[in-house]
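See below for the structure under consideration.
Quick note on labels: first sequence line is chain A, next is B, and so on, each numbered from 1.
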Amino acid sequence: MRIWKFGDDIDTDAIIPGRFLTEYEPARLAEHVFEGTRDDCRTGVCPGDIIVAGKNFGCGSSREHAPLALLGAGVRIVVAESFARIFYRNAVNTGLLPLVCHDTGGLVEGHEATVDIENGVLTSDCIDYPIEPVPPFMQAIIDAGGLVEYAKEMKEVEICTGSQR
Amino acid sequence: MGATLVEKIFSSRCGREVQAGEVVMAPVDRAMIHDITGPLAVRVFREMGGDEVFDPARVVMLFDHQVPADSVQAAENQQFMRDFAREQGIHNYDLREGVCHQVLMEKGHAAPAEIIVGSDSHTCTYGAAGACATGIGSTDMGFVLKFGALYFRVPESIRVEVSGAFAPRVGAKDLILSIAGDIGAGGATYQALEFSGETIETMPMAGRMTCCNMAIEMGAKAGIVPPDAVTREYLQARRPGAEIADLAPDQDAVYADRRAYDVTALAPQVAAPHNVDHVVDVGEVAGTHIDQVFIGSCTNGRYEDFVEAAEVLGDRTFSEEVRVIVVPASKEEYLKTLRAGLIEKFVEAGALVEAPCCGPCMGGAFGLLAPGEVSLSTSNRNFRGRQGSTEAEVYLCSPATAAASAVTGAITDPREV
Ligand code: SF4
């Protein structure tokens, strides 16, 4: 998989502009992913390619259209130095994997990379970059295949249980 | 160990003492959905096997982003939402009331010690009422609609202590812009901003809403003001007879950080393109040519904001080089502004006054920018492409600075007109 490299503070307006939010299908949203900011993504991203970014990826609007547009384009993993809170939740909920890597500076646009989630490492140009483990309650949602699957069979939830320090 | 405001709220709603960093499944007192993110939330609710929403009385629906419908698709989405509201017995303000956050506040849907979620990032506005309110995505909202609860990581808090009195034509928006410039776009991620100090204590509700509204621009989960007499007065009229919870942080509460600001010498602030934390004194960008001025949004679309703009405008007219778009945030604010004669004043000065809605704030419905154009806006985001072309530029400022600049046709210090 190839790396698509971005900087800090990539906002959800950049990922999918406001005028396309009447759409909800990932494939249709993908037709406008990064429109106007990274137009090469719309045609160039291949299934399995990864987004690599700096700090605060996905800041701004709560639009879930952002992870859906990335999923529609074939992206399954976003690696960033940090994520905006709502985007992080939305990504996990919809099946896009947000991975935190404290220093993405050395990763190069267009280069090949592999991600070994079990061992928490991203490898590119023969260099290993450690990836932070996903918080346990988020991992449970990922393991279920997203929040919809997680919630499907549940009749109700127990308030304030499942808590952990 | 003492507790912060949000720790107290989560503790009381969860029925046991919880601390920052814990992950809890907490009950939700109110859930807000609108025309843009609502349809997806409803679909997810169905996919989860949702049949009846947890409590129709706790769900608030309204349309504000694309109203009246600006495309067939928007109309279809609204129709879908109307049908859902009817089927579920949810109260739907439809497109009659205005911008979601203003409407939830003024209809008394937010009160101290409540946990409120909205499928919109600026839900943090309701911290002005002493609620712990946060924006969530549509899938989380689907979960809330089904279960009436959601996973939360109880946030650490940053205590923001503000002192001093504002100089004339400087106010809450300038304060929160300067705080955003200081803390940075991601500086409060996963945390809550707890506002305090004499400046906040004497600040009317409108200004508190402006401050809490922009907590998300620093990545915060919530912004919150300890409820006091100002909160009480605001709520008494909107929730007649309801008990209003007492809520204050403990003296020995543990904060992730404490930051102090003195507004005495604060100049009008402007966030320059394309980041909200790219904040400078107005003087540094004064003279920048502008094509459009937008006065409105959930940040600054209230009566108080229009009074501020009208005072700066005086008897002058707006520059013919500038398109001035004025959009009150709600019907209530519209009527107050109208009855005070300010709508007439703005129209006579050359502005376009639109009915309550989000307007040009999100670049969805109308008022979009062409490549190369520059907009000065009282809203909360100036991301590249936020108000139209990605080659346009958006500056953020207060209503006073917006009005002064609309008069001259270039970014102008409101103290100098
Ligand atoms: S006015 Fe702007 S920021 Fe506020 S809810 Fe509408 S689009 Fe969002």
Side-chain angles (χ1 to χ4, degrees), chain A residues 8-9 11-14 17-24 35-37 39 55-57 59-68 81-94 135-138 141 146-165, chain B residues 14-16 18-19 21-27 36-37 39-40 43-44 47-49 65-66 71 73-74 76-77 118-121 123 135-140 142-143 146-147 149 151 153 185-186 189-190 216-217 219-221 275 277 362-364 368 381 383-386 388-391:
Chain A
D8 292 340
D9 301 322
D11 59 80
T12 52
D13 279 82
R19 58 191 181 280
F20 305 119
L21 301 187
T22 48
E23 191 54 69
Y24 300 97
E35 187 164 315
T37 44
D39 287 313
K55 293 188 181 64
N56 202 25
F57 186 86
C59 60
S61 157
S62 67
R63 61 188 70 165
E64 209 157 286
H65 310 66
L68 293 179
E81 289 177 17
S82 65
F83 288 91
R85 184 185 63 81
I86 306 176
F87 180 88
Y88 187 86
R89 287 278 289 244
N90 288 349
V92 168
N93 286 348
T94 53
F137 82 105
M138 283 301 195
I141 294 167
L147 193 65
V148 171
E149 293 306 317
Y150 182 87
K152 234 177 196 168
E153 305 308 327
M154 289 160 82
K155 287 275 168 278
E156 56 184 309
V157 292
E158 212 173 313
I159 305 291
C160 216
T161 56
S163 58
Q164 44 203 253
R165 298 233 165 178
Chain B
C14 289
R16 69 170 173 84
V18 300
Q19 284 170 9
E22 270 186 72
V23 175
V24 296
M25 178 70 84
I36 294 279
T37 53
L40 193 51
R43 285 179 196 204
V44 169
E47 277 175 48
M48 284 176 177
H65 282 63
Q66 290 173 302
S71 66
Q73 220 169 2
E76 280 176 0
N77 286 340
S119 54
D120 189 285
S121 59
T123 300
I136 60 175
S138 295
T139 299
D140 272 343
F143 190 93
K146 185 173 179 191
F147 298 112
Y151 277 117
R153 182 182 170 281
T189 303
Y190 299 107
I216 178 70
E217 305 314 331
K221 185 171 204 157
N275 286 305
D277 59 357
M362 192 203 60
L368 277 72
R381 283 194 180 133
F383 301 149
R384 189 186 289 279
R386 171 84 178 172
S389 167
T390 47
E391 288 157 56

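B:Lys146 places a side-chain N or O within donor-acceptor distance of the main-chain N or O of A:Met154, the cut-off being under 3.5 Å. No side-chain donor-acceptor contact under 3.5 Å links A:Arg85 to the backbone of B:Ile136.
For the set B:Ala220, B:Gly186, B:Ala149, B:Gly135, the entry with the most heavy-atom pairs within less than 4.5 Å of chain A is B:Gly135. Ranked by heavy-atom pairs under 4.5 Å with chain B, the first of A:Pro17, A:Gly36, A:Ala66 is A:Gly36. Of all the listed residues (B:Glu391, B:Lys221, B:His65), the one sharing the greatest number of non-hydrogen pairs under 4.5 Å with chain A is B:Lys221. For the set B:Gly388, B:Gly142, B:Ala185, B:Gly363, the count of heavy-atom pairs under 4.5 angstrom toward chain A peaks at B:Ala185. Of the listed residues A:Glu35, A:Arg89, A:Glu149, A:Glu156, the one with more heavy-atom pairs under 4.5 angstrom with chain B than any other is A:Arg89. Of the listed residues (B:Arg43, B:Arg384, B:Arg153), the one with the most heavy-atom contacts under 4.5 Å to chain A is B:Arg43. Contacts with chain B were tallied for A:Lys152, A:Lys155, A:Arg19; A:Lys152 has the most, counting heavy-atom pairs under 4.5 Å.
Residues meeting the salt bridge (charged side-chain N to carboxylate O under 4.0 Å, His left out) test with A:Asp13, sequence neighbours left out: A:Arg63, B:Arg386. In this structure, the side chain to side chain donor-acceptor pair (under 3.5 Å) partners of B:Ser119, at least two apart in sequence or on a different chain, are B:Thr37.
Heavy atoms of A:Thr94 lying under 4.5 Å from chain B belong exclusively to its side chain. Residue contact with chain B, scored on non-hydrogen atoms closer than 4.5 Å, is absent for A:Glu153. With a 4.5 Å cut-off on non-hydrogen atoms, A:Tyr150 touches chain B through its side chain but not through its backbone. Proximity to chain B (any heavy atom under 4.5 Å) is shown, for A:Phe20, by neither the backbone nor the side chain. Using a 4.5 Å cut-off between heavy atoms, B:Ser71 contacts chain A through its side chain alone, with no backbone atom that close. Only the side chain of B:Asn275 comes within contact range of chain A, with heavy atoms under 4.5 Å apart. Contact of B:Ala74 with chain A is made through backbone and side chain together, with heavy-atom distances under 4.5 Å. At a 4.5 Å heavy-atom cutoff, the contact between B:Gln66 and chain A is made by side-chain atoms alone. Only the side chain of A:Asn90 has a heavy atom closer than 4.5 Å to any heavy atom of chain B. If you measure heavy-atom distances from A:Leu21 to chain B, the contacts under 4.5 Å come from both the backbone and the side chain.
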Review point. Passes side chain to side chain contact (heavy atoms under 4.5 Å, CB included), A:Phe83 versus B:Thr189? Steps please.
Key: CA-CA 8 Å; A:Phe83 288 91; B:Thr189 303; over 6 Å; no
Review point. Could you walk me through whether B:Phe143 and A:Val157 pass the side chain to side chain contact (heavy atoms under 4.5 Å, CB included) check?
Key: CA-CA 10 Å; B:Phe143 190 93; A:Val157 292; 3.8 Å; yes
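Side-chain contact between B:Asp140 and A:Ile86 is absent, with no heavy atoms from C-beta onward closer than 4.5 Å. A heavy-atom distance below 4.5 Å is not found between the side chains of A:Asp9 and B:Phe383. Side-chain contact between B:Gln73 and A:Glu23 is present, with at least one heavy-atom pair separated by less than 4.5 Å.
B:Glu217 contributes atom CD, which lies 8.0 Å from atom SG of A:Cys59 (distance to the nearest 0.5 angstrom).
In this structure, B:Tyr151 and A:Phe137 have tilted ring planes: the angle between them lies in the 30° to 60° band.
B:Thr139 pairs with exactly one of A:Leu147, A:Val92, A:Leu68 by the side chain to side chain contact (heavy atoms under 4.5 Å, CB included) rule, that one being A:Leu147.
Among all heavy-atom pairs drawn from B:Ser121 and A:Ser61, the shortest one is OG-CA, 3.7 Å.
Using modelled atom types, one finds no donor on one side chain facing an acceptor on the other under 3.5 Å when comparing A:Glu64 with B:Ser138.
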